Amino acid sequence: MKTPQTSRSVFDFYGKPPFAKALPLSLQHILAMIMGAVTVPIIVSGAANVSPEEKMLLIQMSLIFSGVSTLIQLYTIGKLGAKLPVIFGVGFAYVPTLVTVGAQYGVSGILGAQIFGGIAMMIVGLFTKKIRNFFPPVVAGTVVLVIGLSLYQIAINYLAGGIGASDYGATTNWLIGGITLIVVLLVSQFGKGFLKLASIICGILAGYLLSMSFGKVDFAQVGEAPWFTAPMPLSFGLEFHTAAIISMTVICVINSVQTIGDLSATTVGGMNRELETRELSGGLLGNGFSTALGSFFGGLPTSSFSQNVGIVAMTKVISRYVLAIAAIFMLIAGFIPKFGAIMTTIPFPVLGGATIIVFGMITMTGIQLLTKDEMSSRNVTIASLSLALSMGVYAVPGAIDQFPAILKQVLGGSPIVIAAIVSFTLNLILPRKTLADEEQERKEIEMKMNR
């Protein structure tokens with residue numbers, strides 16, 4: 001039997017397959033997350049009203065710290081990092097808070113508050129062993145399930161052409177996205193060996209070529225992007241405002257629950273085992289560290305990428321060498337913006353067609369986690385009420401318009417927040433009853449009624 005050091009299997013975390021085989025599998029992860037990593041700083045740039053040069057710098061730092069945070073998770077630095085096949089980067093979960101803080105205090109206000117948010121995440125990581133029991137499968141599974149459900153809107157908007165696109169909803173966009181999805185399905189279900197594992201990249205290539213034939217690939221950004229830029233610390237400066245610090249700390253702590261869910265989904269969906277406390281603690285510590293460090297360079301807060309968790313669950317490829325190539329690409333793209341700009345030419349419908357099945361896999365992983373616990377009346381109540389409230393408010397955001405601003409920011413930004421709060425609270429206060437306990441209670445009630 002091969003040792004972890006000599007393994008060349010993509011299904012071994014320590015496996016180091018040939019570069020030619022690893023590269024396409026890495027590209028799947030890159031293509032799944034790069035638009036997210038680039039889109040967040042673009043949105044924040046608009047809210048904070050920064051110059052074009054500062055906008056490019058924010059994008060650059062997002063790519064660099066996506067690479068840094070992922071490498072920390074894969075290889076660890078001391079206690080920092082989970083040593084799991086996960087991709088971390090600048091995440092969408094922070095966008096509502098970043099936009100609000102950026103509009104009021106600018107990028108320097110975001111980065112100053114972000115230091116405290118990163119420290120808060122590290123504190124959560126330090127006490128993981130004591131709080132681990134507060135996040136059983138019914139809580140973690142519910143959070144992962146909501147993560148999957150909440151991502152569908154992103155995939156559908158991508159399929160339609162991307163929010164704000166002049167041809168949003170055009171049949172051409174749906175044709176491109178549909179062909180991409182069909183290729184992914186056909187290759188994943190009927191392909192053999194290595195081709196089967198590379199189904200997502202095959203779909204993206206097919207969709208990209210089709211997009212080019214429709215004239216939907218724009219290389220303008222590639223021409224405008226510089227060849228090389230070097231990051232400089234404190235380029236934006238740091239400002240500290242109490243309201244911004246509170247908002248950022250709250251969202252960073254809550255995002256830790258999403259990280260718990262994603263790490264759990266990775267081990268359950270990709271490695272067929274439960275998440276270990278050491279891995280969870282390291283993951284949170286590493287994420288907090290990269291978030292705090294990024295503040296000094298202009299890197300926005302990082303989080304686990306759920307779409308990449310879905311790829312791991314779908315393909316079962318867990319080699320950290322494969323994911324490390326993706327992380328190194330992020331670093332290179334950050335230092336050579338023209339290289340990264342090429343990746344941003346992929347049209348949104350192609351990304352939508354390639355990722356919607358991945359988002360579905362995340363949902364199913366959440367269900368897998370949920371069913372790790374027995375479906376007692378107690379657990380069903382926790383899961384169902386968390387789903388109803390989180391997805392209900394997500395579907396009707398205007399329902400909380402009269403809430404205080406800070407509460408609206410926290411609850412309205414993401415259904416993951418509500419799902420985490422509700423499931424965590426109910427798990428604490430509801431009496432712990434097994435199916436056997438509930439059956440016994442039912443029999444006693446029945447006996448009393450028959451007397």
Side-chain angles (χ1 to χ4, degrees), residues 120-121 123-150 250-251 253-269 273-281 283-284 362-396 399-400 403 407 410-412 414-451:
M121 278 194 279
I123 291 172
V124 173
L126 287 173
F127 291 96
T128 298
K129 191 170 183 179
K130 294 184 178 180
I131 67 173
R132 178 71 190 274
N133 291 334
F134 294 119
F135 298 96
V138 67
V139 175
T142 299
V143 172
V144 174
L145 179 56
V146 170
I147 289 171
L149 294 173
S150 65
V250 168
I251 194 62
V253 170
I254 289 175
N255 185 261
S256 297
V257 180
Q258 176 178 341
T259 302
I260 292 172
D262 280 339
L263 294 179
S264 298
T266 298
T267 56
V268 172
R273 64 172 176 82
E274 294 290 339
L275 178 68
E276 296 178 6
T277 300
R278 173 190 58 79
E279 295 167 334
L280 175 54
S281 176
L284 294 173
I362 296 170
T363 303
M364 295 309 297
T365 300
I367 294 173
Q368 280 184 301
L369 271 172
L370 271 174
T371 54
K372 289 284 182 181
D373 269 347
E374 57 183 12
M375 286 291 95
S376 62
S377 175
R378 174 187 184 274
N379 289 345
V380 168
T381 298
I382 292 173
S384 59
L385 188 55
S386 301
L387 282 169
L389 288 173
S390 60
M391 297 311 297
V393 172
Y394 185 56
V396 192
I400 59 172
F403 280 32
L407 196 57
V410 173
L411 298 180
S414 168
I416 302 164
V417 173
I418 298 177
I421 293 173
V422 175
S423 60
F424 177 81
T425 304
L426 290 178
N427 183 60
L428 285 180
I429 64 176
L430 294 184
R432 297 184 181 276
K433 295 180 181 179
T434 64
L435 279 172
D437 293 334
E438 291 177 355
E439 179 63 19
Q440 181 61 35
E441 188 177 78
R442 186 189 66 77
K443 288 181 179 178
E444 289 175 359
I445 292 174
E446 190 175 309
M447 288 176 62
K448 288 180 180 179
M449 293 180 65
N450 290 332
R451 285 177 183 172

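Since this is a predicted model, take the numbers as computed values, not measurements. All heavy atoms count here, side chains included; hydrogens, waters and symmetry mates do not.
Residues Ser423 and Ala420 share a closest heavy-atom pair of OG-O, 3.3 Å. The two residues Tyr394 and Pro415 have their closest heavy-atom pair at CD1-CD, 3.5 Å.
A distance of 8.0 Å separates OG in Ser390 from CG in Leu149, rounded to the nearest 0.5 Å. Between Leu280 atom CG and Leu284 atom CG the span is 5.0 Å, to the nearest 0.5 Å. In this structure, the separation between OG on Ser264 and CG on Leu275 is 4.5 Å, given to the nearest 0.5 Å. Annotation: the span from Phe424 atom CZ to Ile260 atom CD1 amounts to 9.0 Å, rounded to 0.5 Å. The CG atom of Leu385 sits 11.0 Å away from atom CD1 of Ile418, with the distance rounded to the nearest 0.5 Å. The line from OG of Ser384 to CG of Leu389 is 9.5 Å long, rounded to the nearest 0.5 Å.
Not counting sequence neighbours, the partners of Thr277 by the side-chain hydrogen bond (donor to acceptor under 3.5 Å, both in side chains) test are Arg132. The side-chain hydrogen bond (donor to acceptor under 3.5 Å, both in side chains) search around Glu279 returns Arg273, not counting sequence neighbours.
With a 4.5 Å cut-off on side-chain heavy atoms, Thr259 and Met121 do not count as touching. Residues Leu426 and Ile429 are in side-chain contact: their nearest non-hydrogen atoms beyond the backbone lie under 4.5 Å apart. Counting heavy atoms from C-beta outward, Glu274 and Thr267 have side chains that stay 4.5 Å or more apart.
Distance alone, capped at 3.5 Å, places no donor-acceptor pair between the Arg432 side chain and the Arg378 backbone. Thr371 places a side-chain N or O within 3.5 Å of a backbone atom of Gln368 that can act as its donor or acceptor partner. Under the 3.5 Å distance criterion, the side-chain polar atoms of Asn379 are matched with a main-chain donor or acceptor of Glu374. Proximity of a side-chain donor or acceptor of Ser281 to a complementary backbone N or O of Thr128 within less than 3.5 Å is not detected.
Under a cut-off of 6.0 angstrom, the local environment of CE in Met364 is sparse, with at most 12 non-hydrogen atoms contributed by other residues, nucleotides or ligands.
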For residues 136-145, please give each side-chain donor-acceptor pair under 3.5 Å, one per line with the distance, not counting sequence neighbours.
from, atom 1, to, atom 2, distance (Å)
Thr142, OG1, Val138, O, 2.6

